[in-house]
Amino acid sequence: MHDHHESFWTKYIFSQDHKVIAIQYTITALLVGLFGLVLSWLLRVQLGFPGKFSFLNPGSYYQMLTQHGMIMIVYLLTAILLGGFGNYLIPLMIGARDMAFPFLNMLSYWVYLLSVLVLMAAFLVPGGPTGAGWTLYPPLSALPNAAPGSGWGIKLMLISLVIFIAAATMGGLNYVTTVLQCRTKGMTLMRMPLSVWGIFIASVMALFAFPALFVGGVMLLFDNLLGTSFFIPAVTLFGQQLPREGGNPLLFQHLFWYFGHPEVYIVILPAMGIASELIATHSRKPIFGYKAMVVALAAIAIIGFLVWAHHMFVSGMNPYFGFFFAVSTLIIAIPSAVKVYNWLLTLWRGNIRFNTPMLFGIGWISTFIIGGLTGLPLGNVIADVPLHDTYFVVGHFHLVMGVAALMAIFGGIYHWFPKITGRMFNERLGKLHFLVTFVGAYMIFFPMFLLGILGVPRRYFDFEALQYLPPQTHGLNIVITVAALIVGAAQLLFLGNLIWSAVRGPRAAANPWHATTLEWQTPTTPPPHGNWGAETPTVYRWAYDYSVPGAERDFIPQNVPLTPTVPMGVSAR
Amino acid sequence: MIANHGSNGYRESLTTPGRVGLWLFLAVATMLFAAFISAYIVRMGSSDWHSLPKPGLLWVNTAILLLSSAALQWARLNERQGNSQSARLGVIAAAVLSALFLLGQIWAWLVLHRLGYFLNTNPSSSFFYLLTAVHGLHLAGGLIVAAWTVRTRERLQLFVTYWHFLTIVWVVLFALIVLT
């Protein structure tokens, strides 16, 4: 145990406490995400009211589009789910005192912060940030003067990604090792809460997927900076034949998507785990089909590594190749559907408490279903080809990996807020935040499916030259923009609620939701460095003993021994 | 700092967090080099690929790296038998051999450079410089981390495992370079 005095710096800044690191990761990611949100406002104002404002020109539109995508996927979602939730939940939920490698954990956050600073620096350099698209496809991203920000911007982007990968690897090694090695007595793998399972499997995926992006990024940096020709084919630029030939742009696409598709699940699996916690706890029922939930997570992870080329159906691939990737893509629908059924059956005849975390949990199910189902036509080559570069794709991925993941993140933050801060948030503000975000998100992204079917292409600065588009498309674009402005502004309710409640909120009980998992059984709230008192808890039962017949209360914590008066739930036997 | 291990309440385990962490890292590094190698093989198929002259020095370097691995293995065996004096000798020999290997690799760069093969001359030379650099950085990084952290028997063993891994990676990369 530790008993030495900790200064302000080692306690709050250069802390090795997983909880402090989690909060550092979360605050940084939320701030970066807020910035990405403002970028999306700029894009939407341009699309909804073309010509009325002059925030953007075609070049800067691409720059903001690129930065919005990269910021949201990598620096917000990945960072907050693994670095934030992973750090906070893993040790507490498995009964450990900290991560396996606390120093490496601290280093992970500071390296992440460095990657964010390098990313942001791109907005201050001559030429601005890169506008080559978040996928950074060469030759556009590799040639000078091909896209806006092809001087400093693209180089800083690639350097920032390489640094981020280093941070994510340090974190990932920690999360996986901690789950495998630091579980407390009685905490078998199949007694772990699904949040830990989701984060654990996503961390394994991150460890295996990020190296491909690292390799693609380093080779692209060489092409851009040092004159190599890994990805640059023979190109004529402004009538000038460039002194390069033979490079393979498709090679980059394969490397990128070998990372890029697992990345979707790196975000979604932790969100699935968190959603499972919200839904089981607040419907006072054991999660339905726990083993099937774990197997489905693993199945999604394994198949998730075999589907990457479905992002490249329009790249002119061999039809048999396309057939393979279409089939593997559609197979993922099976474990995903298993999970959806299990959440619905967990809700079925539950004693549902419609509090803020639960509303977001239900919002997760809704947006994941709609977002997931619209992925089925995109997984079919024949339907993907006409839909590929339209707003249908934009609507699909925003709902399924943007909004759905955010539903789980918001729900998770509200759910664990009392444990993290020791205070309660304002329930009415939380519900208002949910209502505006949930309804607004559908108003933003649902019309995009219609736009996509009408043939509105994505990545366009304006649609004036497209005579074939019916005038209603413009009306829809106005609706989307107005909704986006409102939903964006509503996030201030969330931030204001968190900040005010963390300081002024009423004191929270140690276990305000009457939850079973270990993080709610800490001797003090918020838990101190080291988490547990003299002894780490001993685990006697699975994570979901809610409403056990014959039990006195409707929940039995994992560290309560089995006796005739507190039996184990039927589903766990 | 909070000690996770040796404190009360933890599950009995056959291995240690350090060992698990190292093997996970080796898996990550394997993915990294696998991605480089597959990119190499794909890029090789283009018509502009020209085979690279292979400096004979690379064979010498390979032998030196194999020797450094052998020296570390010898150190590990001696450490296990309690001969810390011999173990120390093995580690020092390995460190010297590793430094020689890195110098040899840089020398090989200079040889190619004098022959007119620069980083951007041909994809084959681009890959040669890139792969040797990435491998060399892993070696150098390992040496630096080891100099700071190898204080216990367990950490020595982990370091030796890491070194064998990098030797194997080099043999694979070397074979790829020599055969193409």
Peer 1: Nearest 0.5 Å, what's the OG1-CG distance between Thr169(A) and Leu24(B)?
Peer 2: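 Reported value, rounded in 0.5 Å steps: 11.0 Å.
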
Peer 1: Please give me the minimum heavy-atom distance between Leu255(A) and Ala39(B), naming the atom from each residue.
Peer 2: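 Closest heavy-atom pair between Leu255(A) and Ala39(B): CD1-CB, 4.5 Å.
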
Peer 1: Do other residues, nucleotides or ligands put more than 12 heavy atoms under 6.0 Å from Trp49(B) CH2?
Peer 2: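 Correct, the count exceeds 12.
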
Peer 1: If I measure from the heavy atoms of chain B, does Phe214(A) come under 4.5 Å with its side chain, its backbone, both, or neither?
Peer 2: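 Only the side chain of Phe214(A) comes within 4.5 Å of chain B.
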
Peer 1: Heavy-atom distance under 4.5 Å to chain B: side chain of Ser229(A), backbone, both or neither?
Peer 2: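 Contact with chain B involves both backbone and side-chain atoms of Ser229(A).
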
Peer 1: Would you mind reporting whether Pro17(B) and Met99(A) have side-chain heavy atoms less than 4.5 Å apart?
Peer 2: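 A side-chain contact under 4.5 Å is absent here.
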
Peer 1: Looking at chain A, which one of Thr121(B), Val42(B), Asn122(B) has the largest number of heavy-atom pairs inside 4.5 Å, strictly under?
Peer 2: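 Option with the top pair count is Val42(B).
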
Peer 1: With a 4.5 angstrom heavy-atom cut-off, could you sort out which part of Val204(A) is near chain B: side chain, backbone, both or neither?
Peer 2: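 When you check distances to chain B, no heavy atom of Val204(A) falls under 4.5 Å.
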
Peer 1: Just wondering, are more than 12 heavy atoms of other shown residues or ligands nearer than 6.0 Å to CZ in Arg88(B)?
Peer 2: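 Not buried by this count: 12 neighbours or fewer within 6.0 Å.
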
Peer 1: Drop me the distance from Leu22(B)'s CG to Thr177(A)'s OG1, to the nearest 0.5 angstrom.
Peer 2: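 Rounded to the nearest 0.5 Å, the CG-OG1 separation comes to 10.0 Å.
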
Peer 1: Counting heavy-atom pairs under 4.5 Å with chain A, which one of Val134(B), Thr30(B), Val20(B) comes out on top?
Peer 2: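 Highest number of pairs under 4.5 Å: Val20(B).
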
Peer 1: Are Tyr129(B) and Thr228(A) side-chain neighbours, meaning at least one heavy-atom pair lies under 4.5 Å?
Peer 2: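 Not in contact.
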
Peer 1: I'd like to check Met219(A) versus Phe36(B) (side-chain heavy atoms, cut-off strictly below 4.5 Å). Are they in contact?
Peer 2: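 In short, these two side chains touch, coming nearer than 4.5 Å.
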
Peer 1: Is it true that, when you exclude Gln85(B) itself, more than 12 heavy atoms of the residues, nucleotides or ligands shown sit nearer than 6.0 Å to its CD?
Peer 2: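 For Gln85(B), atom CD is not crowded (no more than 12 foreign heavy atoms under 6.0 Å).
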
Peer 1: Mind listing the closest non-hydrogen atom pair of Gly247(A) and Arg43(B) along with its distance?
Peer 2: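 Smallest interatomic distance, heavy atoms only, reads N-NH2, 3.3 Å.
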
Peer 1: Tell me, for Ser47(B) versus chain A, whether the close heavy atoms (under 4.5 Å) come from the side chain, the backbone, both or neither.
Peer 2: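 Looking at Ser47(B), nothing touches chain A.
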
Peer 1: To the closest 0.5 Å, what do you measure between CG (Leu180(A)) and CH2 (Trp23(B))?
Peer 2: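 Between Leu180(A) CG and Trp23(B) CH2, I get 15.0 Å after rounding to 0.5 Å.
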
Peer 1: Taking all atoms of both residues into account, what is the closest heavy-atom pair of Ala35(B) and Val215(A), and its distance?
Peer 2: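 What the structure gives for the nearest pair is CB-CG2, 3.7 Å.
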
Peer 1: Where on Phe33(B) is there a heavy atom nearer than 4.5 Å to chain A: the side chain, the backbone, both, or neither?
Peer 2: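 Neither the backbone nor the side chain of Phe33(B) comes within 4.5 Å of chain A.
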
Peer 1: Let me know if Phe210(A) has heavy atoms under 4.5 Å from chain B in its side chain, its backbone, both or neither.
Peer 2: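 Neither part, no heavy atoms under 4.5 Å.
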
Peer 1: So, for Phe25(B) and Leu173(A), which heavy atoms are closest and what is the spacing to 0.1 Å?
Peer 2: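 Shortest heavy-atom separation between Phe25(B) and Leu173(A) comes out as N-CD2, 3.6 Å.
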
Peer 1: Indicate yes or no: at least one non-hydrogen side-chain atom of Gln181(A) is less than 4.5 angstrom from one of Thr15(B).
Peer 2: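 Contact flag for Gln181(A)/Thr15(B) side chains = yes.
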
Peer 1: Taking the side chain as everything from C-beta on, heavy atoms only, tell me whether Leu226(A) gets closer than 4.5 Å to Asn120(B).
Peer 2: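 No, every pair of side-chain atoms sits at 4.5 Å or beyond.
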
Peer 1: Answer yes or no: is there a side-chain heavy-atom contact under 4.5 Å between Phe222(A) and Leu119(B)?
Peer 2: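 A side-chain contact under 4.5 Å exists here.
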
